[in-house]
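Scroll down for the structure; my scribbles are underneath it.
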Amino acid sequence: MLAGDWRRPRKGAVAEVALEHGLVLESADEGFCGAVVGWDKRTVTLEDRRGRHRVFDLEPAAFLLDGRPVTAVRPAPEQAAGTGPARSASGSIAVRGARSRVARESRIYVEGVHDAELVEKIWGHDLRIEGVVVEYLEGVDRLPAIVADFAPGPGRRLGVLVDHLVPGSKESRIAEEVSSPHVLVTGHPFVDIWQAVKPSVLGFSAWPDVPRGVPWKEGVLRALGSGEEPGEAWRRILGSVRTYADLEPELLGRVEELIDFVTAPLAVQD
């Protein structure tokens with residue numbers, strides 16, 4: 001009666017999930033958690049956040065996805081072959097062979113280098129098709145001067161993405177200062193753009209709380225027991241992000257909103 005692995009649900013009692021690169025799974029037996037980096041007919045290879053690889057058999061209910069048992073299966077042949085419309089990392093239909101459009105006068109600004117790199121990785125294809133250039137502020141305090149120098153107007157829109165845009169914050173006060181029909185300042189509630197990456201993608205359940213007065217990135221790495229420098233950690237975080245599904249919706253909606261704002265026809269905007 002107890003023959004076999006009694007800890008797993010019966011076959012057919014759990015959902016099947018198709019393997020794809022970057023999918024984060026946890027071994028139901030061993031607790032090893034990592035992103036899918038490859039598979040064959042019988043096995044799948046996972047890579048954890050420290051770069052360690054483990055190979056597991058593709059057995060029924062062998063993995064957990066978001067804490068629930070799943071059966072990992074190879075993707076269907078047509079899915080693996082990439083039939084149907086190709087999708088960009090943002091989920092939009094990819095335009096094959098298209099050249100980058102000549103840059104518009106309108107621009108999108110983000111706070112820093114990490115923000116720009118993440119936006120490029122997920123929305124880079126869309127931005128090149130639309131001819132939108134992304135630049136960074138190097139600090140939200142510079143926003144009023146940047147807006148004044150940019151001189152926004154009809155056909156010359158400015159979209160701005162800032163961190164920690166919550167009521168009463170310094171960021172929200174600065175956003176009010178530059179408010180204009182030709183300027184859209186929006187943002188996400190996270191202290192840092194790192195938090196816009198789903199923690200499950202990186203192999204842990206939640207971003208740690210960092211006490212006030214402690215530099216956020218350093219505090220996070222210390223809480224996670226990582227000996228990495230922030231720059232090294234960011235390269236690993238960015239490398240773990242494959243598609244829009246790896247990001248929190250609070251960021252996704254805001255970036256899409258900015259792209260729509262700076263690319264909308266003048267008749268609609270004005």
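Below, all heavy atoms of this structure are taken into account, side chains as well, without hydrogens, waters or symmetry copies. Index from 1, following the sequence.
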Exercise. Taking it one step at a time, do Tyr109 and Ile146 satisfy side-chain contact (heavy atoms from CB on, under 4.5 Å)?
Worked result: CA-CA 10 Å; Tyr109 271 81; Ile146 287 174; 3.8 Å; yes
Within the structure provided, determine whether [X] and [Y] are in side-chain contact (heavy-atom separation under 4.5 Å).
X      : Y      : answer
Phe261 : Arg157 : yes
His188 : Asp163 : yes
Leu25  : Leu23  : yes
Leu161 : Val255 : yes
Ile108 : Val160 : no
Leu127 : Val133 : no
Leu46  : Val55  : no
Leu58  : Val73  : no

Determine, stepwise, if the pair Glu120 / Arg128 fulfils salt bridge (charged side-chain N to carboxylate O under 4.0 Å, His left out).
CA-CA 10 Å; Glu120 164 60 28; Arg128 283 185 286 276; 2.8 Å; yes
Side chains of residues 198-209: which donor-acceptor pairs under 3.5 Å do they make with residues two or more places apart or in other chains?
{"unit_1": "Lys198", "atom_1": "NZ", "unit_2": "Ala245", "atom_2": "O", "d": "3.0"}
{"unit_1": "Trp207", "atom_1": "NE1", "unit_2": "Val197", "atom_2": "O", "d": "3.0"}

task = State which residue, out of Arg235, Arg236, Arg222, fulfils the salt bridge (charged side-chain N to carboxylate O under 4.0 Å, His left out) condition with Glu228.
result =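 Among Arg235, Arg236, Arg222, the one that satisfies the salt bridge (charged side-chain N to carboxylate O under 4.0 Å, His left out) with Glu228 is Arg236.
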**Item:** CD on Glu111 to NE2 on His164, rounded to 0.5 Å
**Value:**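 His164 atom NE2 to Glu111 atom CD measures 11.0 Å (nearest 0.5 Å).
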*How many angstroms lie between atom CG of Asp57 and atom OG of Ser27, to the nearest 0.5 angstrom?*
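It is 10.0 Å, given to the nearest 0.5 Å.
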Practice prompt. Just do the side-chain contact (heavy atoms from CB on, under 4.5 Å) check on Glu218 and Val214 with the steps written out, would you?
Written response: CA-CA 8 Å; Glu218 288 79 358; Val214 176; 5.6 Å; no
- Close aromatic pair by centroid cut-off 6.0 Å: Trp39 and His21: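 Aromatic pair counts; centres sit under 6.0 Å.
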Can you hop from [X] to [Y] via hydrophobic side chains spaced under 4.5 Å?
X      : Y      : answer
Leu137 : Val110 : no
Trp234 : Leu247 : yes
Val147 : Val262 : no
Ile193 : Ile174 : no
Val113 : Trp123 : yes

Minimum heavy-atom distance between [X] and [Y], given as atom pair plus value:
X      : Y      : result
Val191 : Gln195 : N-OE1, 2.9 Å
Ser240 : Asp246 : O-OD2, 3.8 Å
Glu257 : Thr186 : OE1-OG1, 3.8 Å
Glu171 : Val162 : CB-CG2, 4.3 Å
Val14  : Ala61  : CG2-CB, 4.0 Å
Leu64  : Val70  : C-CG2, 4.4 Å

Problem set entry | Residue pair Phe63, Val44: steps toward the side-chain contact (heavy atoms from CB on, under 4.5 Å) verdict | CA-CA 11 Å; Phe63 301 98; Val44 59; 3.5 Å; yes
Worksheet item: Would you say the side chains of His53 and Glu47 form a donor-acceptor pair under 3.5 Å?
Response: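 A donor-acceptor contact under 3.5 Å links the two side chains.
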For the side chain of [X] and the backbone of [Y], is there at least one donor-acceptor N/O pair under 3.5 Å apart?
X      : Y      : answer
Asp149 : Ala145 : no
Arg104 : Glu130 : yes
Ser169 : Leu165 : no
Lys121 : Arg242 : no

**OP:** Test the Arg107-Phe150 pair against the cation-pi criterion, namely NZ or CZ under 6.0 angstrom from the six-membered ring centroid and within 45° of the ring axis.
**Re:**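 Cation-pi check for Arg107 and Phe150: fails.
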Does CD belonging to Glu135 count more than 12 external heavy atoms closer than 6.0 Å?
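Counting neighbours around CD of Glu135, more than 12 heavy atoms of other residues, nucleotides or ligands fall under 6.0 Å, so yes.
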Check Asp192 with Lys217, please: is the shortest side-chain N to carboxylate O separation under 4.0 Å?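 Salt bridge present between Lys217 and Asp192.
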- request: Using a strict cut-off of less than 4.0 Å between a Lys/Arg side-chain nitrogen and an Asp/Glu carboxylate oxygen, indicate whether Glu26 and Arg68 qualify as a salt bridge.
  value: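 Looking at Arg68 together with Glu26, the answer is no, because their closest N to O distance does not fall below 4.0 Å.
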Go through the steps for Asp141 and Lys170 under the test side-chain contact (heavy atoms from CB on, under 4.5 Å), then give the verdict. CA-CA 9 Å; Asp141 293 320; Lys170 176 184 72 173; 3.5 Å; yes
**Asked** Under 30°, 30 to 60°, or over 60°: which ring-plane class applies to Phe56 and Phe32, parallel, tilted or perpendicular?
**Response**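 Ring orientation of Phe56 relative to Phe32: tilted.
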